[in-house]
A.B. asks: 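Okay, handing you the structure first.
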Amino acid sequence: MSLNTKNLARFQSLIALVILCIVLSCLSDKFLTVDNGWNVMRQISVNICIAVGMTLVVLTSGIDLSVGSVLALCGAITAGLLKNGVDVPSGDLYIGFTLFGAIMAGLLTGSAVGAFNGFTITRFKVPPFVATLAMLTIARGLTLLYTKGFPISVLGDHFDFIGTGWFLGIPVPVWISAIVVLGAVVLTNKTQLGRYIYAIGGNENAARLSGIKISKVKITVYALAGALAAVGGLLVTSRLDSAQPNAGISYELDAIAAVVIGGTSLSGGKGTIWGTVLGAVIIGVLNNGLVLLNVSPFWQQVVKGAVILLAVIIDKASSKNE
Amino acid sequence: MKKVYKYGIWVVIIAFTLYNSVYFRKLSEMKAPAKTFNAASYAQDMLNNKLPAVTEKAITIDELFTQIKSQPNEAFSAYGHALTIGSIRFFMVKGAGEVDAIDESDVKLVTTGHNNVYIATEFVFGNAIRDASGLINLNDFSNTVDLSNISSEVNKIIRAKVIPPFKAVVKKGSKVEFTGAIELNQARLNVEDPEVIPVTLKVLP
């Protein structure tokens, strides 16, 4: 492959994003405005958090279908503890949670659910697709049980600030997703765990033979994906000022789409966090553009699906050429 | 020795985290003031004591339509209310007119400003009165069920106490004064033949 073709393949997501932005700018005068830019950034913050976790999982050649439900569960637990605390009637005790405490509880729940996913996958050799599909249903059921099917609303201004506030002229969710991205970039590029993740995804047997503790790494990765889904849950709940029992439905598909469009190989071992961020931005811009152009929501699904399919086909073709 | 330091640091971190995460109270003290929300009495109080002031100051439907036709954004912002995001707004209006037709589900009036208005007399549902009143603050309610119940109870009172006496005496040609709520969608603006969910109805002698 020539150098130019190589570079083209390397930056294909970025080129696609630029073309998409140019086309949408021509079709809608509302697209290329500062307000709309922040609007898109706010909207993609949640998907970025989830998709970064998904990237780590996919790099180990796994998949996590439970992130949407985990997002809802963690949002509900955070909101429930913040608003209602925990009653212990037998001891005439009320355990209240501070904002910090409720957020920590939500994040720990996400990590625990993710770690459980990793445990079932490594300990019982359940395929990741099946294990996390089961968790998708379990976490949704737990959310409905905890909330009794009702939203938990009116969570206070301090909590709302996380999803709706601004800091130094930038929306808080954008700051949070930026921190998540930078953390993940450092993790994948500069740490031993990052190298292990790529090694496992590239060739699990070779990684095992070279002394990497596969189970430990995978459990850690799924726990991280769960924690990042919880971060997404915090953002969604805070933005709506309400924990909805049906929040996050099909969010896992948007996250997987961002990962795939960003060039991460579903067979593992190849891909970058920056690629996923680009993928999430492309999906966000596409969603936003289709809404601005008054495209029917039914057609939006078709277009999104077609874009994902196209991305995979291009990725496969360019992999073949390498 | 190194392990002692390591565990010591972890104990400090966990203790700090827990100290800043939870607090304890007596359950009996915390839960004592909590009362269950009574939507029926809230609705009764709203209709009897709070809404009259709102309907008294309400814009006439003819004036509202004139303003909406000339300056829709200003009119929506000045007179419209909503508890949710989106382009739908509710307006509290008053007006007078002559009965042009009586149907099973509504009474058609031609207002003094020559607008056709349909007074709902059968299907009084939704949140129009609650939202148009501008009296509701979302933060005063702990859940959306309570909010929905207010509308349900308000509509129940209107169906039981406002509409039957009106339907008993209204005839084609009757002069009618009304106050009530209407719903308009700013994105698909249509002020032709609006339906008014009534708050008060009076057939003039």
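A, B, ... follow the sequence lines: proteins, then strands. Residue 1 opens every chain.
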A.B. asks: Atom OH in B:Y23, atom OG1 in A:T98: separation rounded to 0.5 Å?
C.D. replies: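 B:Y23 atom OH to A:T98 atom OG1 measures 8.0 Å (nearest 0.5 Å).
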
A.B. asks: In this structure, are over 12 heavy atoms from other groups packed under 6.0 Å from B:K172 atom NZ?
C.D. replies: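 Atom NZ in B:K172 is not crowded, with 12 or fewer foreign heavy atoms closer than 6.0 Å.
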
A.B. asks: Identify which part of A:D157 has an atom lying under 4.5 Å from any heavy atom of chain B, answering side chain, backbone, both or neither.
C.D. replies: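 It is neither, since no heavy atom gets under 4.5 Å.
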
A.B. asks: Taking everything shown except A:F116 itself, do over 12 heavy atoms lie less than 6.0 Å from its CZ?
C.D. replies: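 It does not: A:F116 CZ has 12 such atoms or fewer within range.
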
A.B. asks: Just verifying a value: how many Å separate A:I95 CD1 and B:R25 CZ, rounded to the nearest 0.5 Å?
C.D. replies: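 With rounding to 0.5 Å, CD1 (A:I95) is 12.5 Å from CZ (B:R25).
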
A.B. asks: Rounded to the nearest 0.5 Å, what separation is found between the CZ atom of A:F100 and the CG atom of B:L18?
C.D. replies: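 Reported to 0.5 Å precision, the distance equals 9.5 Å.
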
A.B. asks: Heavy-atom distance under 4.5 Å to chain B: side chain of A:V86, backbone, both or neither?
C.D. replies: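 Looking at A:V86, nothing touches chain B.
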
A.B. asks: Output all residues satisfying ring pair (Phe, Tyr, Trp, His ring centres under 6.0 Å) with B:Y42, sequence neighbours left out; order by chain, then residue number.
C.D. replies: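 Ring pair (Phe, Tyr, Trp, His ring centres under 6.0 Å) list for B:Y42, sorted by chain: B:F37, B:F141.
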
A.B. asks: What option among A:G101, A:S153, A:G85, A:P89 has the most heavy-atom pairs under 4.5 Å with chain B?
C.D. replies: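 That would be A:G101.
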
A.B. asks: Applying a heavy-atom distance below 4.5 Å, give me the residues of residues 142-152 of chain A that approach chain B, sorted by number.
C.D. replies: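 Near chain B, by residue number: A:F150, A:P151.
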
A.B. asks: Counting only heavy atoms not in B:K26, do more than 12 fall under 6.0 Å of its NZ?
C.D. replies: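 Incorrect, the count does not exceed 12.
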
A.B. asks: Throw together a table of side-chain donor-acceptor distances under 3.5 angstrom for residues 68-79 of chain A, partners on residues two or more places apart or in other chains.
C.D. replies:
unit_1: A:S69; atom_1: OG; unit_2: A:L136; atom_2: O; d: 2.7
unit_1: A:T78; atom_1: OG1; unit_2: A:C74; atom_2: O; d: 2.8

A.B. asks: Can you list the residues of residues 215-237 of chain A that sit under 4.5 Å from chain B, counting heavy atoms only?
C.D. replies: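 So no residue qualifies.
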
A.B. asks: Take atom CH2 of A:W166 as the centre, draw a 6.0 Å sphere, and report whether it contains more than 12 heavy atoms from other residues, nucleotides or ligands.
C.D. replies: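 Above 12, so yes.
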
A.B. asks: Could you tell me which non-hydrogen atom of A:D87 sits nearest to which non-hydrogen atom of B:L27, and how far apart they are?
C.D. replies: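 It is OD1-CD1, 3.3 Å.
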
